**Q** 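Input: one structure, supplied below.
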Amino acid sequence: MNPVEVGLQNRCRHHCRSGLCRQKANRQGQTGHRQNPEFRPAHNCSQQKRQNRHCPRPEWRLLGQHEVETDARGEADRQPKRPAAPFSRQSCEHLGCQLGNAADGHSPGWLSARVVCVTMHGGDRPHGPAPVGCIPHEPVLNHRSTHKNHREKIVRPMTVVTRFAPSPTGFLHIGGGRTALFNWLFAKHHGGKFLLRIEDTDRARSTQAAVDAILDGLKWLELEWDGEAVSQFARKDRHAEVVRQMLERGQAYRCYATPEELEAMREEQKAKKLPLRYDGRWRDRDPSEAPAGVNPVIRLKAPQTGETVIRDHVQGEVRVQNAELDDMILLRSDGTPTYLLAVVVDDYDMGVTHVVRGDDHLTNTFRQLQIYHAMGWTPPEYAHVPLIHGPDGAKLSKRHGALGIDAYRDMGFLPETMRNYLLRLGWGHGDAEIISTEQAIAWFSLDAIGRSPSRLDFPKMENLNAHYIRECEDTRLTTLVLPFIEKKLGRALDGGERDLLHRAIPGFKPRVKTLVELADGAMFLFAKRPLTLDDKAAGQLTPEARAQLTVLAARFGALSEWTAAALEGVVRDYAEQAGLKLGKVAQPLRAALTGSTVSPPIFEVAEILGKSETLARIGDVGSAN
RNA sequence: GUCCCCAUCGUCUAGAGGCCUAGGACACCAGCCUUUCACGUUGGUAACACGGGUUCGAAUCCCGUUGGGGACGCCA
């Protein structure tokens, strides 16, 4: 079959998203596609082919040779999308599964699809003439399929080196946290290195406070980096040196256009609805025309024809015409490097093998690739991770998600919660939801990262946090919640109070979603008598209830053993004698002891509070008042 | 405006042409458990954006439409 024949006959029904075929299809629609003489049919494309894979459903292989499942109801005309139960089984006539031939009045369509092709197919071996309906399909993997599982796995033996490269112009936000996590996990998974580089070439906006915030954030997330954090600015001489080489080789040139001039150019382009790009006005101009007293920037002399292709672990193959890209600035007029240049040089010098970053950098990658090409360097592999949106689907803003990672800490989230939640945002492993960091390292792969942007969902984050709080060991949880309590209390806890907290922790674990809730709930432990009652608690303390409490207090006082079980025994006996439900007595007791209607099991609370404090708190609200 | 990317329950996702009557999780609703609130447990509501095409068969492959997002700085 020659290409023209195929092209005229039909649209290409295979994966024509490569080469000319794709461009024409995109620009001119189907017609252009069909008529394009240079159309490349499927067989010229370099897809992987799955050979001889008939009847891929596993259970067919379990049914035995030459068996066919048929629909006993035999609806001849309608072609049910799915066969309706119950089935009867019939033997297949011969290797070709001819029974599919509507012998029983079934449409061959789905019937033949249920042909059992085990033995005759001999596992993966090809067999003779295709049985009816059992068309030997040769599903071809599109080398740029939309499906993440279709992405070709790029395997290159090497020691993996990843890096996280934040710019210190603000805090570490949640998207940055996830990027760092992915880089860290990928490096750990491969036993490689995870480096940290601070992209501080913008001197005006970079601050030490931001650097500290980022470092603190990473430490809190427990994402340790290898070696010292690299300052990009400190490497500016090396960057300039690389540009000098490009200049010497004619791969870069000086541009004397002023910022104002360029701004005017962009305005004009905008007005004329033209693409916004540098027009190359100094690309081929003689340096002798340079105006006096203007410090030039240095631009890359980028190729103007052909295309630049990114083979991305997440995005697949992405290509752009070089004509779409303008000559980027490498060195500013003050001699400092721009981001585009510095990133390439540093990644190269640091031996970075995999660049994992937000997909807002995808278009930068084309330009960075051009620098790699100009320098003759092998570029790293890329994985551009979709961005995280706020709960409303819009870009993250200060209002919702774009908080510093420290804000999540202050909201009472645990670092393991954040790691688990962030991991699941855009990455999945079957039905797994609760994923330990160890498991994440074992499972993580770039190719399983989804391509669509995801939204932040606080309820789910809280649910995960509740899980990790329940899992958290009591002593650690006590330590974690202590700052929250002390802040609320406005003072430090003494040793006895810490012990009280520690003993109360198990009662709170299943009841709270965040450390803040835990701290709130535990405040009554440290409250000064007499307790301030909330409205509902006050409502519980009717005169009758107060009278009951006074009786109970007397019986409690007589107890020789101060345990939750003993206290419960007393209260149950009392309730039974008085003909009351347990709750009728327990709720006022809860109000008296905690000042609230919500708390851990009240007898445990009383045990932890101790005899004298319990009796005193009851006394405060007793009928004697 | 130009280029690029994306599209399954409200949300995160599973999904590799027939295992899909589309699965799981969060959230929500109802029942059970129960001294409160939770936890736990049982069940329920809920999605393949739309239109074409390819195929015996499409959530899945192709094209288009619509909708969202990103980039287009002497920011990173």
Side-chain angles (χ1 to χ4, degrees), chain A residues 10-17 25 29-30 33 55-60 79 81-82 100 107-114 133 135 137 139-142 145-147 149-150 165-167 169 199 201-202 205 259 262 266 269-270 272-277 297 315 318 320-321 324-326 329 331-334 336 338-340 343 359-364 366 384 386-387 389 391 393 395 421 424-426 428 430-433 450-457 459-460 462-464 466 470 509-512 568 571 581-587 589-590 596-603:
Chain A
N10 230 325
R11 276 185 311 113
C12 174
R13 38 177 282 247
H14 309 274
H15 34 62
C16 286
R17 296 210 68 193
Q30 296 181 0
H33 185 174
C55 305
R57 296 167 65 186
E59 67 271 28
W60 295 343
Q79 190 173 323
K81 208 164 185 186
R82 306 274 171 237
S107 63
W110 67 259
L111 220 203
S112 53
R114 299 188 68 86
I135 302 156
H137 34 253
V140 186
L141 286 187
N142 182 354
S145 156
T146 46
H147 199 283
N149 288 339
H150 286 178
S167 78
T169 51
E199 309 235 315
T201 52
D202 184 343
R205 299 202 303 161
L262 294 174
R266 276 190 285 268
Q269 287 169 341
K270 209 178 268 183
K272 291 183 180 171
K273 303 201 167 181
L274 291 169
L276 269 39
R277 30 183 116 101
V297 300
Q315 306 291 338
V318 186
V320 78
Q321 296 300 307
E324 303 286 343
L325 274 16
D326 61 7
I329 294 176
L331 233 43
R332 301 185 186 108
S333 51
D334 65 0
T336 59
T338 59
Y339 159 78
L340 258 6
V343 161
D359 75 2
D360 50 337
H361 286 281
L362 190 64
T363 48
N364 288 329
F366 294 113
H384 286 94
L387 301 178
H389 293 165
K395 199 179 171 182
Y421 181 76
R424 283 286 291 109
L425 222 45
D431 286 342
E433 294 288 347
R451 273 173 162 171
S452 46
S454 42
R455 300 182 187 199
L456 228 42
D457 187 40
K460 184 153 185 171
E462 288 186 335
N463 177 276
L464 260 184
R470 271 177 260 136
K509 272 184 173 179
R511 298 184 156 69
V512 298
E568 182 170 350
V571 177
K581 280 191 166 181
L582 187 55
K584 276 287 181 193
V585 191
Q587 276 303 84
L589 180 58
R590 189 184 315 278
S596 159
T597 52
V598 176
S599 83
I602 197 58
F603 306 116

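Please read these numbers as outputs of a predicted model, since none were measured by experiment. Chain letters run A, B, ... following the sequence lines, proteins first, then strands; residues in each count from 1.
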**Q** Between A71(B) atom P and His384(A) atom NE2, what is the distance in whole Å?
**A**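 About 12 Å, once rounded to whole Å.
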**Q** Judged by each residue's nearest nucleotide on RNA chain B, which is more toward the 5′ side, Pro601(A) or Leu425(A)?
**A**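 Closer to the 5' end of RNA chain B: Leu425(A).
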**Q** With distance as the sole criterion, do the side chain of Arg511(A) and the base of C39(B) form a donor-acceptor contact below 3.5 Å?
**A**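 Side chain to base: no pair below 3.5 Å.
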**Q** If A49(B) has a Watson-Crick or G-U wobble mate with both distances under 3.5 Å, name it; if not, just say none.
**A**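 Partner of A49(B): U65(B).
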**Q** Using only heavy-atom distances, determine whether the side chains of Gln269(A) and Arg266(A) contain a donor-acceptor pair under 3.5 Å.
**A**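 Note: Gln269(A) and Arg266(A) side chains miss the donor-acceptor criterion.
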**Q** Using a distance-only criterion (donor-acceptor N/O pair, under 3.5 Å, no hydrogens), is the base of U11(B) paired with the side chain of Arg455(A)?
**A**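 No such pair is found, so the answer is no.
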**Q** Sugar-phosphate means primed atoms, P, OP1 and OP2; the rest is base. With that split, encode nucleotides 22-27 of chain B 5' to 3' as B, S or - using protein heavy atoms under 4.0 Å.
**A** -BBBSS
**Q** Taking only nitrogen or oxygen atoms into account, show me every contact under 3.5 Å that the protein makes with nucleotides 72-76 of chain B, one pair per line with its distance.
**A**
unit_1, atom_1, unit_2, atom_2, d
C72(B), O2', Leu276(A), O, 2.5
C74(B), O3', Arg332(A), NE, 3.1
C74(B), O2, Ser333(A), N, 3.1
C74(B), O2, Ser333(A), OG, 2.8
C74(B), N3, Ser333(A), OG, 2.9
C74(B), N4, Ala257(A), O, 3.2
C75(B), OP2, Arg332(A), NE, 2.5
C75(B), OP2, Arg332(A), NH2, 3.4
C75(B), O3', Arg332(A), NH2, 3.1
C75(B), O2', Asp202(A), OD2, 2.8
C75(B), O2', Arg205(A), NH2, 2.8
C75(B), O2, Arg205(A), NH2, 3.1
A76(B), OP1, Thr201(A), OG1, 2.8
A76(B), OP1, Arg332(A), NH2, 2.1
A76(B), OP2, Arg332(A), NH2, 2.9
A76(B), OP2, Tyr339(A), N, 3.0
A76(B), O3', Glu199(A), O, 3.2
A76(B), O3', Glu199(A), OE1, 3.3
A76(B), O2', Ser167(A), OG, 3.3
A76(B), N6, Asn364(A), OD1, 3.2
A76(B), N6, Asn364(A), ND2, 3.3
A76(B), N1, Asn364(A), ND2, 3.2

**Q** Does a side-chain N or O of Arg451(A) approach OP1 or OP2 of C5(B) to a distance below 4.0 Å, or not?
**A**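 Answer is no, no contact under 4.0 Å.
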**Q** Hey, is NZ on Lys509(A) packed in by over 12 heavy atoms from elsewhere, all under 6.0 Å?
**A**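 Yes, NZ of Lys509(A) has more than 12 neighbouring heavy atoms, counting only those of other groups under 6.0 Å.
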**Q** Using atom CD1 of Ile602(A) as one end and atom C1' of U34(B) as the other, report the distance to the nearest whole Å.
**A**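 Distance check: Ile602(A) CD1 to U34(B) C1' gives 15 Å.
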**Q** What is the pairing partner of G10(B), taking Watson-Crick or G-U wobble pairs with both distances under 3.5 Å in any strand?
**A**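 G10(B) is paired, partner C26(B).
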**Q** Once you apply the 3.5 Å cut-off to both distances, tell me the Watson-Crick or G-U wobble partner of U41(B), or none.
**A**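 Its partner is G31(B) (Watson-Crick or G-U wobble, both distances under 3.5 Å).
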**Q** Measure CG/Leu456(A) against P/G10(B) and give the value in whole Å, please.
**A**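 Roughly 19 Å, once rounded to whole Å.
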**Q** Sort me out a list of protein N/O and nucleotides 40-48 of chain B N/O pairs below 3.5 Å, or just none if empty.
**A**
unit_1, atom_1, unit_2, atom_2, d
G40(B), OP1, Arg470(A), NH1, 3.4

**Q** Tell me which nucleotide, if any, is Watson-Crick or G-U wobble paired with G1(B) when both distances must be under 3.5 Å.
**A**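 Check on G1(B): paired to C72(B), both distances under 3.5 Å.
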